[in-house]
Amino acid sequence: MADEPLDASPSAPSAAAAADGVFSPSSSSAAPAPALRPRREAFEHGLLPIPKLIFPEGTLTQTLAQLKERLAPGGPRVGAAALAEALQIPAEQAALALGTLAAVLPAEDPALGEDGAGEADLRDLLLFLYIQSYKRLVPRGHKDSPAVADVWPSTSAFDGCLSALSPIQFIRCNSRRFMPSQADEEAHQLSYLQKHMANILTLLAESLDGEDDDSMVLTMETFEHLGFLLQFSEGTPLSQGASFFANSDPDMPAAPVPASLVHDWILQHIASTLEFMAEKSSAKENSQQNASDPDVTMSDAVTNTRIHSSSPTGTSAPNNPGYYRNTTFVEGLSKTSVVKQTSDMKGHSIKVLNCHDSVIYILAPLKYATVYGCSDTTIVLGAIGKVVKVEHCERVQIIAASKRICIANCRECTFYLGVNNQPLILGDNHKLQVAPFNTYYPLLGEHLAQVGVDPNVNKWDKPFVLGVVDPHDSFSHPAGVSDVQAESATCLDPDQFMNFLIPSWFETQGPTKYNPFTLPEVYWASQRKKHASLEDIQKNIRELEIDDNRKKELACALHAQFKDWLYASGNIRQLYCLQGE
């Protein structure tokens with residue numbers, strides 16, 4: 001999203017204040033200090049709509065403290081079986097929770113494993129369960145709702161914000177003032193952590209002698225686990241940014257510090273960051289009151305343009321050490337094609353937002369990918385090592401090789417998948433289809449190896465289906481709706497399956513010469529049958545004894561039928577790409 005850079009740092013505190021571990025929002029200096037930011041991955045990819053993982057806010061801390069007491073005798077680590085027993089949930093839901101936790105940890109936990117098949121650190125698990133109470137930011141109301149009501153259905157009990165975020169409305173109205181910006185969402189997450197930090201630290205802290213607040217302490221190791229929720233903008237380790245743990249000797253671990261000191265330090269940093277973001281947002285609004293919406297990067301929405309191979313102006317923050325941006329954005333495309341390779345990426349995540357009638361190729365190894373609010377678009381995601389999330393899309397084709405994929409509130413979409421874990425399906429979905437992965441490009445094999453996706457394991461046809469209503473959305477829902485299971489996906493008919501050809505615009509060399517994921521036999525058989533039928537048709541045409549005029553008429557008829565099929569199937573855009581090679 002083309003917001004102003006989120007991560008420019010507020011002014012540094014004075015040296016005396018820093019030495020005391022105090023960070024005054026009003027203190028200033030010429031040297032910028034690292035800004036404390038929420039880890040967006042935990043909030044964007046780590047929330048599961050499983051009712052028994054979401055505890056009422058009034059009893060949240062007490063319930064998790066009791067859970068901690070129940071699990072602690074088993075040791076500092078928790079496996080799926082112990083979690084299922086403690087929470088009284090099915091074993092497969094407990095395994096899903098640990099797998100999701102593994103996917104959003106800031107660093108791999110060898111004991112847990114990349115897929116969450118091992119045992120999680122109890123502290124990470126408590127943080128993960130705590131943020132299940134988080135409610136996403138509510139979209140702002142659109143100032144011209146009647147103008148868009150005729151192009152998208154009104155919000156139903158199941159839609160949540162689907163209608164408000166329709167890609168059709170985006171194209172029609174050329175404005176996203178009703179959508180939360182990246183800065184809005186980040187401020188909302190920080191405010192949530194600000195409100196709940198005392199309870200979070202209580203869960204993590206250890207008692208020395210008594211039970212009063214002064215006896216509760218945090219070790220440096222436990223403090224580092226807060227990196228699941230918070231991070232410094234320049235990537236500084238959390239403990240190195242805190243004066244009470246900074247420059248600790250690895251051979252002589254720092255002494256535990258009072259939880260109250262940690263609490264004050266975190267709240268002061270959060271308050272400084274929120275103040276800085278508010279001032280920046282206010283200045284931005286004041287300077288652009290009479291301008292068009294700055295969030296809309298219409299440089300992306302270039303009609304009749306076939307290929308963009310580099311980042312369009314305004315889609316990401318400057319590549320400068322003073323900024324911390326780990327996400328690349330592709331946004332607002334209409335009737336065009338885009339390719340993004342490794343050299344085009346900033347950070348380890350990609351977000352494809354509000355694109356319409358386009359073809360988008362993401363040919364790079366990444367950790368996270370989000371596809372949001374797109375319609376009539378084909379999106380290729382080459383190698384995603386953690387999670388792909390697809391939300392509020394209509395009539396899109398997603399071709400993705402990934403560890404995991406989550407699909408929510410989508411309609412008439414087809415997913416060609418190479419996934420190592422079961423596709424997670426939730427929300428209000430209609431007419432979804434899944435099929436095996438169907439493409440390749442020269443560096444795909446190398447990219448899969450880099451991010452840890454195993455092409456020998458593909459669970460594309462084993463969806464894991466949860467409920468219709470997501471409790472993390474800040475919308476009211478009718479009573480009982482949460483008990484309704486989401487509509488699952490059906491397997492694509494093998495006769496409708498086709499391989500997808502990625503154009504080679506660049507002279508990229510690589511060892512991958514074919515689809516690295518094994519095609520199921522029924523799809524192989526259909527491909528062989530189609531190939532044989534095509535050869536028979538070609539042979540019969542060659543053997544026809546007709547004059548040149550009739551041959552031209554036949555060729556024209558075939559051409560017309562093929563053109564109709566291209567438009568009806570949505571493949572005309574890809575043909576333009578292939579012609580541009």
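Residue indices begin at 1 and follow the sequence shown.
- The minimum heavy-atom distance between S526 and D495, with the atom names listed, is OG-OD1, 3.2 Å.
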- Task: Could you walk me through whether L53 and I89 pass side-chain contact (heavy atoms from CB on, under 4.5 Å), step by step?
- Result: CA-CA 9 Å; L53 297 185; I89 59 176; 4.2 Å; yes
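- A donor-acceptor contact shorter than 3.5 Å is absent between the side chain of N458 and the backbone of P455.
- Looking at Y134 and Q132, their side chains never come closer than 4.5 Å, going by heavy atoms from C-beta outward.
- In terms of modelled atom types and a separation under 3.5 Å, the side chain of Y368 and the main chain of A103 share a donor-acceptor contact.
- Q422 contributes a side-chain N or O that, together with a main-chain N or O of K462, makes up a donor-acceptor pair within less than 3.5 Å.
- Judged by distance alone, the side chains of R40 and Q182 do bring a donor and an acceptor atom under 3.5 Å apart.
- Two residues are said to be in side-chain contact when any heavy atoms from C-beta on lie closer than 4.5 Å; Q93 and L87 fail this criterion.
- Listed for the K351 side chain is no donor-acceptor partner under 3.5 Å among the backbone atoms of A369.
- Across G118 and L98, no two heavy atoms sit closer than the pair O-CD1, 4.1 Å.
- Taking every heavy atom of both residues into account, S349 and L366 meet most closely at N-CD2, 4.2 Å.
- If you check the side chains of S334 and H356, you find no donor sitting under 3.5 Å from an acceptor.
- In this structure, the side chains of I384 and V451 stay at 4.5 Å or more apart for every pair of heavy atoms.
- Two residues are said to be in side-chain contact when any heavy atoms from C-beta on lie closer than 4.5 Å; P423 and V434 fail this criterion.
- Judged by distance alone, the side chain of S358 and the main-chain N or O of S337 form no donor-acceptor pair under 3.5 Å.
- The distance from the CZ atom of R411 to the SG atom of C393 is 12.0 Å, given to the nearest 0.5 Å.
- Here the closest non-hydrogen pair linking L112 and A120 is CD1-N, 3.7 Å.
- A tilted orientation is assigned to the rings of F500 and Y361, their planes being inclined by 30° to 60°.
- Here the straight-line distance linking atom CG of L96 with atom CG of L466 works out to 6.5 Å at 0.5 Å rounding.
- A donor-acceptor distance shorter than 3.5 angstrom exists from the side chain of K52 to the backbone of Q88, with no hydrogens or angles considered.
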- Under the salt bridge (charged side-chain N to carboxylate O under 4.0 Å, His left out) criterion, do D376 and K335 qualify, and how do the steps go? CA-CA 10 Å; D376 302 291; K335 300 183 184 300; over 6 Å; no
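- The shortest side-chain heavy-atom distance between I407 and L424 does not fall under the 4.5 Å cut-off.
- In this structure, the side chains of I350 and T327 stay at 4.5 Å or more apart for every pair of heavy atoms.
- With hydrogens and angles disregarded, no donor-acceptor distance shorter than 3.5 Å links the side chain of S402 to the backbone of V419.
- Partners of E119 by salt bridge (charged side-chain N to carboxylate O under 4.0 Å, His left out), not counting sequence neighbours: none found.
- Separating the CG atom in L47 from the NZ atom in K135 is a distance of 11.0 Å, to the nearest 0.5 Å.
- Taking the six-membered ring where the residue is Trp, the centroids of F497 and W460 are separated by 6.0 Å or more.
- How far OG1 of T439 is from CG of N515: 7.5 Å, rounded to the nearest 0.5 Å.
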- Evaluation steps, side-chain contact (heavy atoms from CB on, under 4.5 Å), between L432 and F415: CA-CA 8 Å; L432 302 185; F415 299 85; 4.2 Å; yes
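- Between E44 and K389 no salt bridge is recorded (no basic side-chain N to carboxylate O distance below 4.0 Å).
- Distance alone, capped at 3.5 Å, places no donor-acceptor pair between the D124 side chain and the D121 backbone.
- Atoms CZ and CD, on F43 and E186 in that order, are 10.5 Å from each other to the nearest 0.5 Å.
- Proximity of I360 to T378: side-chain heavy atoms (C-beta onward) are nowhere separated by under 4.5 Å.
- Considering CG of L129 and CG of L83, their distance stands at 6.5 Å, rounded to 0.5 Å.
- Within 6.0 Å of CD on E92 lie more than 12 heavy atoms contributed by other residues, nucleotides or ligands.
- Here the closest heavy-atom approach between residue L48 and residue I54 is recorded as O-CD1, 3.8 Å.
- Minimum heavy-atom separation, L444 to G382: CD1-O, 3.2 Å.
- A distance-only check finds no donor-acceptor pair linking the side chain of E391 to the backbone of V371 [under 3.5 Å].
- Side-chain atoms of N420 never come within 3.5 Å of backbone atoms of V453 as a donor-acceptor pair (strictly under, hydrogens ignored).
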- For D184 and L137, what are the C-alpha separation, side-chain angles and deciding distance, and is it a side-chain contact (heavy atoms from CB on, under 4.5 Å)? CA-CA 8 Å; D184 291 336; L137 189 59; 3.6 Å; yes
- Task: Any chance you could lay out the side-chain contact (heavy atoms from CB on, under 4.5 Å) test for Y416 and L492, step after step, and finish with the verdict?
- Result: CA-CA 9 Å; Y416 297 88; L492 183 71; 3.7 Å; yes
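- The shortest side-chain heavy-atom distance between M345 and I362 falls under the 4.5 Å cut-off.
- When each of K386, K367, E41 is paired with H348, the side chain to side chain donor-acceptor pair (under 3.5 Å) condition holds for E41 and for no other.
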